[in-house]
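Everything on this sheet refers to the single structure shown next.
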Amino acid sequence: MNTKPKFVYSTLIATTPEKLWAALTDPEFTAQYWGGTRLESDWTAGSRIVFRWQGKIVHDDTILKSEPPRLLSYTFHPLHMEELRSEPPSRVTFEIEEFKGQSTRQGPVVKLTVTHEDFPADSKIFPMISNGWPDILSSLKTLLETGRAIEFAKGT
Amino acid sequence: MEKPKFVYVTHINTTPEKLWDALTNPEFTQQYWGGRRVQSDWTVGASIKHLKADGAVELRGEVLQAEPPRLLSYTFLTASGDRVPDEKSTRVTFEITTAFGVTKLTIVHDGFEPDSKLVFEITNGWQAILSSLKTLLETGAPLPFNYKC
């Protein structure tokens, strides 16, 4: 297969676009569902975004697009593992839309689509993010709907 | 040309047994599956039907694997035939595992033709169904939408 790898995942969440945007951009919030990772930025296009985990910067990236509460895109370049650092940055995009089938009488439902692309054909990062995003996005949905993130047990 | 398939993973705060029940109990499926009752006796070789609220059969298939509460697989064919007349029977597989103390559901829907249009339809359908299933198991109520499959 010589097509470039691309990860696409959609989930429907009982929340508003504004609350979902806050969950994606507030470090106090991301730490709860992203394995303790704080995402820090001023969230404007061209700005720096860092992922901070246990006090250390594990990603140092750039905001590509920021249109709250609908569209967010940034480069994605893990720094914390030697064999990943040499791989060029990929790109992740979050699209938030109101779900068409929703019943407004019963409360809002939004559709979040995460697209992660621009990987080299032999990417080592791609298989890792393909496992990682369903964990993170499952926990994000649980947090927004129940008030508590999924508690994944420690270990491998 | 590679054959298209749909793969989706979701983690749910529940037990494998409750998730198995949610996938196989028509009283449960009609809450999150666009009102569909999914009926079978869930033994290998048994028939399976998806019934709409009015009782009409929408989908039919055959159970290929049933190992409660871990593995369920069945063929999947549109019963009406008029929407996608060229599609052959496809197959859906549900795998339930426990990862990091959390129940993990992996869905693979394959067997599509290389130029299948159905795979795009089912992608939207599964995303809505599986999102609502997770919400129902975690909060006691499905997502508040009227999804029309």
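By convention in this document, chain letters (A, B, ...) are assigned in the order of the sequence lines, proteins followed by strands, and residues within each chain are numbered from 1.
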query = With sequence neighbours left out, what residues match A/Gln54 under side chain to side chain donor-acceptor pair (under 3.5 Å)?
reply = none
request  = Only counting residues at least two apart or in another chain, list the ones meeting side chain to side chain donor-acceptor pair (under 3.5 Å) with A/Thr44.
outcome  =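 Result, side chain to side chain donor-acceptor pair (under 3.5 Å) vs A/Thr44: A/Asp42, A/Ser47.
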inquiry  = Please classify the contact of B/Thr139 with chain A as side chain, backbone, both or neither, using a heavy-atom distance under 4.5 Å.
reply    =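 Contact with chain A involves the side chain of B/Thr139 alone.
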query = If you count the non-hydrogen atoms of other residues, nucleotides and ligands that lie under 6.0 Å from CH2 in A/Trp53, is the total more than 12?
reply = no
remark   = Interatomic distance, OG@B/Ser131 vs CG@B/Leu136, rounded to 0.5 Å, equals 12.5 Å
key: Part of A/Ser10 lying under 4.5 Å from any heavy atom of chain B   =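 A/Ser10 touches chain B through backbone and side-chain heavy atoms alike.
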key: Under 4.5 Å from a heavy atom of chain B, the part of A/Leu137 involved   =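 For A/Leu137, there is no contact with chain B at all, as no heavy atom is under 4.5 Å.
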task = Could you tell me whether the side chain of A/Glu145 and the main chain of A/Ala14 form a donor-acceptor pair under 3.5 Å?
result = yes
remark   = Which of B/Asn124, B/Leu130, B/Thr123 passes side chain to side chain contact (heavy atoms under 4.5 Å, CB included) with B/Trp126? It is B/Leu130
key: Partner set under salt bridge (charged side-chain N to carboxylate O under 4.0 Å, His left out) for B/Asp41, not counting sequence neighbours   = none
key: Residues in residues 7-21 of chain B near chain A [non-hydrogen atoms, under 4.5 Å]   = B/Tyr8, B/Val9, B/Thr10, B/His11, B/Asn13
